[in-house]
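Reading through the structure tokens given below for one structure.
The first residue in the sequence is number 1, and the count goes up from there. Atoms within each ligand, like the ligands themselves, are counted from 1 in listed order.
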Amino acid sequence: MAATLGPLGSWQQWRRCLSARDGSRMLLLLLLLGSGQGPQQVGAGQTFEYLKREHSLSKPYQGVGTGSSSLWNLMGNAMVMTQYIRLTPDMQSKQGALWNRVPCFLRDWELQVHFKIHGQGKKNLHGDGLAIWYTKDRMQPGPVFGNMDKFVGLGVFVDTYPNEEKQQEVMAQKRRYSPGVQRVFPYISAMVNNGSLSYDHERDGRPTELGGCTAIVRNLHYDTFLVIRYVKRHLTIMMDIDGKHEWRDCIEVPGVRLPRGYYFGTSSITGDLSDNHDVISLKLFELTVERTPEEEKLHRDVFLPSVDNMKLPEMTAPLPPLSGLALFLIVFFSLVFSVFAIVIGIILYNKWQEQSRKRFY
Ligand SMILES: *[C@@H]1O[C@H](CO)[C@@H](O)[C@H](O)[C@H]1NC(C)=O
Ligand SMILES: [Ca+2]
């Protein structure tokens, strides 16, 4: 996946620094290095991460419940177990969600998601997957992996069922149909929405996706993780699903503008097909990065999510109607051209007449 990293010169350096999956190890190191109070920069370009307990969730799940004092609220069929939080059981037509009650005002952060998707279903007979959210609204059930459509914020989807492919197979039987670039499922994708776009479930969100990758995550006997990192408006999604304890790239998008004060959450839905969708832990780290004065200016707060230079691949709108000015210019230049053509025509005609006159004399 090609990505322009722009001013992030020390990206590689701190990426390595962050590659340790368990950020608390880094925190421990920090505590050993110094007082551990406040952000500490050791040398230029280094980044440290701090676990934010108010946005994190881990065993034992004490802060989870329905009360207003809980850090995390459950919804729908979600259940707290001793070893995990089950968003949906492996049963049809269930949906569940888990939402952080505290809005997040961090500028740069990293969310590490330890999850497990498993069930009885064989190839392509399981679904539908889970989503991880950073959105303006929370606790709004709906059709997008159990959350509301036309959400405002970021959604990251671990989609286990290829709806589009299945539909195309049906269509292919009726008439010849050449599918586009095939995506192999389970598939991770990301979408940023200002509340105007619908997630197209029938097409697995393809029309609005920022990027994606295949992630074979079902029924694995080792731990699976996903990390969403948001630093200097750069969104990076990586996964650790091979049991090798290293992050593998999935999505990298620069110029992602996300407002502060949104909520983290995760949700899941089953339909005709089902799976157990379990969340084992959510760890949110505050990342401290240095910004140049220009970056400070560039990275001012925004009020609506957006992505710079975003061209949705399959949303090429019909040509916009001509504006008044464009219409005027077209008419004007047509007139000029016509006059020009007539003048040239007259000149040529005169020349021709002159020549024919000469021929006669
Ligand atoms: C919201 O997003 C859509 C699609 O990306 C865009 O066309 C629209 O202009 C955006 N609205 C605002 C208010 O930015
Ligand atoms: Ca799907």
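Between Asp204 atom OD1 and Asp159 atom OD1, the angle centred on the Ca ion (ligand 2) amounts to 120° (nearest 10°). The Ca ion (ligand 2) lies at the vertex of an angle of 80° between the OD1 atom of Asn163 and the O atom of Tyr161 (rounded to 10°).
When non-hydrogen atoms are compared, ligand 1 lies under 4.0 Å from the side chain of Leu304 (C-beta onward) but not from its backbone.
Interatomic distance, Cys104 SG to Leu111 CG, rounded to the nearest 0.5 Å: 9.5 Å.
Close approach to Asn194 involves these atoms of ligand 1, each under 4.0 Å from a residue heavy atom: 1 (C), 2 (O), 3 (C), 8 (C), 10 (C), 11 (N), 12 (C), 14 (O).
Atom 5 (O) of ligand 1 has its nearest heavy-atom neighbour, among Thr208, Val192, Val307, Leu197, in Leu197.
Residues His299 and Arg107 have side chains that never bring a donor and an acceptor to within less than 3.5 angstrom of each other. No side-chain N or O of Asn77 forms a donor-acceptor pair with one of Thr88 less than 3.5 Å apart. Between the side chains of His201 and Asp149, not a single donor N or O lies within less than 3.5 Å of an accepting N or O.
Applying the 6.0 Å contact sphere to NZ of Lys136 captures no more than 12 heavy atoms from other residues, nucleotides or ligands.
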